[in-house]
Protein chains: 2
Amino acid sequence: MKKAPNITDAEWEVMKLIWNNNPSTSEQIISALSPKMGWSAQTIKTLINRLLKKGIIDFEKEGRIYKYYPLILKEDYIRTENRSFLEKVYDGALSMLVSNFLEEESLSENEIEKIQKILEKKKNENQDNKK
Amino acid sequence: MKKAPNITDAEWEVMKLIWNNNPSTSEQIISALSPKMGWSAQTIKTLINRLLKKGIIDFEKEGRIYKYYPLILKEDYIRTENRSFLEKVYDGALSMLVSNFLEEESLSENEIEKIQKILEKKKNENQDNKK
DNA sequence: ACTTAGCGTTTACACATGTAAACAATTAAT
DNA sequence: ATTAATTGTTTACATGTGTAAACGCTAAGT
């Protein structure tokens, strides 16, 4: 299988925009990112074009204007990012990763409980698989 | 404060070696990474040199041979990596990150319990802070 | 119809990164 | 002492990435 095209940090900002507002016009992307990122309109156009060339987004003409839409799911791409981060930094040791993050950052009651529920569920699943 | 020098993916492999075996000679680094990564000895020498230039490692002469040692702690660097990953991919939403990882990967009983303990502790800390 | 503003396309350019070859200095072998 | 092998240093080169300027086409205003 061919390696998935890479999304760079700068391109990632554009993708977040497009995923959240699908489809987006370049005007929308530029007016959202230009102030936030301090990028010129030209820079953003370049990023959009690179995403097109990489086959990560596509567009549909709406008169003179293009509507850009993603060709890949955010969830899918994040899954890949997760995997490679886990591999690169933790050599695949998930529990290391999780404890590390938990210990360094703070969480609300609610969030803690949400995670606890997930863990309970996983415990049960493990149990089931054992039988 | 000056931005921390970046460690690239290839350089990261070298750093893992040096952190695990501190100090390391280039011979040790090369014979470990050359087969594992399929890199030529020259390539690895380049990576070592870039790490030197970036001020991430330093060396001590031991006769003709250099012993390389890290100038930064693995833990510190990982903390930075964690932070930027959390920001980039999850916009800082830790609970999202954690649930995502937990749901996609598998964990042993033991690991689950370890994480549960961390959560309990955090819950108590939250409680304490509230008072 | 003619000019202009707006949107997309092409070209640019410096620095980073992966991947090494070529070179120099020094030690070890003959 | 010379030569060869080893280890570190310099230079190289293609591709990726951040950051745009310049250019070209077309709709819109006069």
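So that the names make sense, note that chain A is the first sequence line, chain B the second, and so on, each numbered from 1.
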**OP:** Determine, for nucleotides 14-21 of chain D in 5'-to-3' order, which nucleotides have protein heavy atoms under 4.0 Å from the base (write B), from only the sugar-phosphate (write S), or from neither (write -).
**Re:** ---SBBBB
Original post:
Within this structure, what is the CD-to-P distance between B/Gln28 and D/dT6, rounded to whole angstrom?
Top reply: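 Atom CD in B/Gln28 sits about 17 Å away from atom P in D/dT6.
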Original post:
Nearest-Å distance, CG (A/Leu51) to P (C/dG8)?
Top reply: 14 Å
**OP:** Could you check how far CD1 of A/Ile65 sits from P of D/dT26, rounded to whole Å?
**Re:**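 Whole-Å distance recorded here is 15 Å.
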Subject >> d(NZ, A/Lys45; P, D/dA22) in whole Å >> reply: 13 Å
**OP:** For A/Glu62 and D/dT26, give me the distance from atom CD to atom P, rounded to whole Å.
**Re:**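 Checked: the CD to P distance equals 18 Å.
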Original post:
Do side-chain atoms of A/Lys122 reach the backbone of B/Leu102 as a donor and acceptor pair under 3.5 angstrom?
Top reply: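 At least one qualifying donor-acceptor pair exists.
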Original post:
Using a cut-off of less than 4.0 Å, is there contact between a side-chain N or O of A/Thr25 and OP1 or OP2 of C/dC7?
Top reply: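 No, because none of the side-chain N or O atoms of A/Thr25 sits under 4.0 Å from OP1 or OP2 of C/dC7.
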Original post:
Whole Å only: how far is the CD atom of A/Glu27 from the C1' atom of C/dC7?
Top reply: 11 Å
Original post:
What's the CG-C1' distance between A/Leu52 and C/dC7, to the nearest Å?
Top reply: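 Spelled out: CG on A/Leu52 to C1' on C/dC7 is 14 Å.
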**OP:** Calculate the interatomic distance between A/Asn49 atom CG and C/dT10 atom P; express it in whole Å.
**Re:**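 Distance check: A/Asn49 CG to C/dT10 P gives 8 Å.
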Subject >> Salt bridge present between A/Glu87 and A/Arg83 (N-O < 4.0 angstrom) >> reply: yes
Original post:
Name the one of B/Ile29, B/Leu17, B/Ile18, B/Thr43 that satisfies side-chain contact (heavy atoms from CB on, under 4.5 Å) with B/Ile48?
Top reply: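 Between B/Ile48 and the candidates, side-chain contact (heavy atoms from CB on, under 4.5 Å) is satisfied uniquely by B/Ile29.
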Original post:
So does B/Met96 have more than 12 non-hydrogen atoms from other groups sitting under 6.0 Å from CE?
Top reply: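 Atom CE in B/Met96 is not crowded, with 12 or fewer foreign heavy atoms closer than 6.0 Å.
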Subject >> Test: A/Glu104 and B/Arg79 ion pair at under 4.0 Å >> reply: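 Yes, A/Glu104 and B/Arg79 are salt-bridged.
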Original post:
Is the closest side-chain heavy-atom distance between B/Thr25 and B/Glu62 below 4.5 Å?
Top reply: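 They are not in side-chain contact.
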